[in-house]
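Worksheet for the structure shown next.
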Amino acid sequence: MTPTSPVEQVELPVRIERLSELAYNLWWTWSRTARSMFEQLHPVLWRVVEQNPVLFLHRIEPERLIAASQNLEFLARYDQSVASFERMIGEGQDQTWLGRNRPEMVGKTVAYFSAEFGLHRALPIYSGGLGVLAGDHAKEASDMGIPLVGVSLLYRQGYLRQRINHDGWQHDEPARLDPRAEPTTQVLSPDGSPVVVEVDLADGSGPLCLAVWKVQVGRVPIYLLDSDVDGNPEWTRELSSRLYGGDTEHRLRQEIVLGIGGVRLLRSLGIEPTYWHANEGHAALHLLERVRERVLGGKPFDDAVEAVRACTIFTTHTPVPAGHDIFSHSMMERYFQNYWPELGLSREEFMALGAHGDKAGFNFTALSLRLASNVNGVSEKHGEVSREMWHDLWPGSSATDAPIIHITNGVHLRTWISPIMRELYDRYLPRRWRDRQEDSLMWETILNIPDREFWEAHITAKQALIDEMDERARRRYAAGDFDAWQMLSSGPFQNANVLTLGFARRFATYKRATLLFRDMERLAAILNHPDHPVQIVFAGKAHPADQGGRSLIREIYLKARDPKLGGRISFAEDYEMGLASLLVAGVDVWLNNPRYPLEASGTSGMKAAANGVPNCSILDGWWIEGWDRRNTNGWGIAPSELSGEAQDEAEANAFYEMLEQQIVPMYYDRGPSGLPHEWIALSKEAIRTVAPNFSARRMVIDYVDKLYGPAARSCEGAREAEAVTVS
Ligand SMILES: *Cc1c(COP(=O)(O)O)cnc(C)c1O
């Protein structure tokens with residue numbers, strides 16, 4: 001534990017002293033009891049600190065803690081939280097899912113490298129879906145007892161805070177991250193001094209020193225490298241500052257820190273992974289570093305590569321070109337001219353590792369594909385697209401037989417099912433349903449939930465979203481930085497009785513956020529229908545450098561004020577995991593209209609469906625697999641055969657038609673009970689079909705069976721071969 005943590009300075013009453021331990025393990029974020037325990041302690045402050053329990057305990061008045069330590073209701077929650085925390089921590093690996101189901105994998109550690117981890121809104125070291133997926137993977141690994149160790153970066157200016165100005169332009173405020181005010185502890189050596197890892201940026205400035213922080217996620221530790229260390233040159237301290245907004249060179253340096261620094265970090269902590277998982281090409285350099293270790297140990301380069309490949313899993317996440325890191329040869333030369341000799345390579349041989357056909361530059365996805373023997377895309381369609389994109393790296397292989405499989409993404413249900421729905425599931429599903437969440441048959445019991453209770457819970461979740469949007473707008477107004485127009489665009493006329501569509505994601509242009517605005521007359525007629533009105537909530541951030549994305553946000557923001565649309569469009573600022581939780585549970589339909597086939601998977605729709613919020617989406621990414629082909633668990637829209645404008649036109653029309661003919665009538669079809677029974681049946685069907693198959697549980701089981709198991713086995717094979725060569 002670091003002596004610099006603020007909580008350390010707080011005197012907790014002895015009866016509740018383990019609050020500090022709970023605050024420092026993100027396990028609380030998916031424990032319903034622990035979460036409500038913190039909140040109950042001081043609901044207003046909990047909100048002010050944005051649910052950061054470390055800051056919370058630092059700021060709370062001592063009198064309140066003393067009162068809590070004598071409050072029986074609070075103590076009951078506290079004791080229950082501590083008891084389940086201890087059960088989780090104390091469980092032997094053989095008692096976990098892994099021990100009971102894949103005993104041969106017990107004790108085999110996987111190192112999981114990712115440039116982002118989306119764990120909780122209070123720790124802004126993620127920017128979007130990729131990070132959230134890594135966070136969900138880590139949480140599920142903890143639940144299942146998989147010995148996973150995460151490696152990432154600590155960004156002192158994390159995920160940007162989004163503010164929209166009067167004219168609709170996104171204004172980016174860096175979220176400042178002070179690791180001493182977060183659930184992170186600095187890693188110290190046995191002698192009490194901070195652990196320091198060194199990497200060389202090969203620019204003559206000498207070694208760059210990296211501090212190491214740990215964030216504990218249930219049973220899973222994630223180590224974060226931090227270049228903001230005294231003694232480093234000023235410009236390098238900046239390196240771990242920005243998650244967003246750096247140039248290509250900044251990016252390369254960060255990836256050197258992550259990959260090369262990450263391997264050295266694990267070595268210095270004495271952690272010996274059995275196998276390694278690179279989440280996206282950002283982590284590619286960790287593969288080179290492992291090759292270098294072997295070459296320095298006397299192995300020929302090719303043998304070293306084979307040994308590394310055997311023990312490596314690589315996941316590629318997007319077909320969109322901007323999602324793949326490509327660095328110029330001259331830049332690679334500057335940073336690696338002292339490195340490739342240590343690999344035993346010439347310049348040409350080194351550059352060839354990042355070649356992709358005759359395309360210019362050094363491609364980190366190509367590098368990863370060459371240095372990993374277990375490779376996957378993130379949905380069935382994306383597997384296909386990836387084989388098409390990359391098969392030329394395997395001479396003689398074709399788009400159909402390139403060795404890239406797919407494992408469709410999934411979401412951590414305990415994180416993403418809203419508290420109110422979870423309470424309902426706890427009441428009506430079998431006891432310990434969460435231990436059987438991958439079991440489709442178990443989910444049939446969702447039908448046990450009476451329609452009235454189901455609907456009331458959904459409306460409660462909807463009201464929670466509306467209240468939060470109102471509260472955010474009110475605070476902005478009260479702070480004097482919101483004018484009447486901004487107030488209007490933030491959605492004060494939301495009504496829990498009106499059919500609400502939600503659209504929230506990064507504003508990348510391929511996601512086509514403004515598709516529904518193509519025909520303003522038709523949209524206005526849908527929104528303003530006198531008996532069956534519709535409202536739409538938008539949210540999402542654009543990459544700071546993406547002018548196209550920023551313009552789309554502006555377009556929606558300005559449309560929200562157009563009187564023709566009746567105040568039924570709103571834009572919620574600052575889409576992050578907290579707002580996402582409220583949105584995926586609190587709207588009635590989750591919309592997605594990407595340009596096919598660019599949505600590799602998408603995960604927000606899975607979160608929505610697990611809460612009983614059906615999807616209406618283009619058949620792309622995960623939804624090709626999730627949709628039941630009958631529109632009884634959500635609505636699927638086939639991509640048009642056309643392209644460009646004509647495609648947008650055709651697909652927009654298909655969405656209008658679906659809304660007019662199916663979605664709106666079904667939502668407002670209320671029997672004598674006042675309940676939309678047909679709609680509720682469809683919502684339950686969404687849960688029944690999506691929750692088991694698109695849970696992180698199912699995803700991690702697939703990783704274990706299709707990639708982790710084979711890697712662990714071939715890796716041991718390689719080790720034995722190595723032992724034989726040595727003897
Ligand atoms: C789930 C999530 C995403 C990913 O959603 P997509 O459907 O992949 O666009 C992005 N951002 C946040 C905050 C999320 O919670």
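Order of appearance sets the numbers: ligands from 1, and atoms from 1 within every ligand.
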* Would you mind telling me which of E116, H317, H137 makes a side-chain hydrogen bond (donor to acceptor under 3.5 Å, both in side chains) with N279? => H317
* **Residue pair N592 / E599, side-chain donor-acceptor N/O under 3.5 Å** => yes
* Asked: Taking the six-membered ring where the residue is Trp, are the ring centres of F503 and F538 under 6.0 Å apart?
  -> yes
* Asked: Quick one: salt bridge (Lys or Arg N to Asp or Glu O under 4.0 Å) partners of R629, sequence neighbours excluded?
  -> none
Note down each nitrogen or oxygen pair, ligand 1 side and protein side, whose separation is under 3.5 Å; give only atom names and the distance to 0.1 Å.
from: ligand 1; atom 1: 7 (O); to: T603; atom 2: N; distance (Å): 3.2
from: ligand 1; atom 1: 7 (O); to: S604; atom 2: N; distance (Å): 2.9
from: ligand 1; atom 1: 7 (O); to: S604; atom 2: OG; distance (Å): 2.5
from: ligand 1; atom 1: 8 (O); to: T603; atom 2: N; distance (Å): 3.2
from: ligand 1; atom 1: 9 (O); to: K511; atom 2: NZ; distance (Å): 3.1
from: ligand 1; atom 1: 15 (O); to: K607; atom 2: NZ; distance (Å): 2.6

* Ring centre gap for W679 and H458 strictly below 6.0 Å -> no
* Asked: Should E140 and R698 count as an ion pair when the cut-off is N to O under 4.0 Å?
  -> no
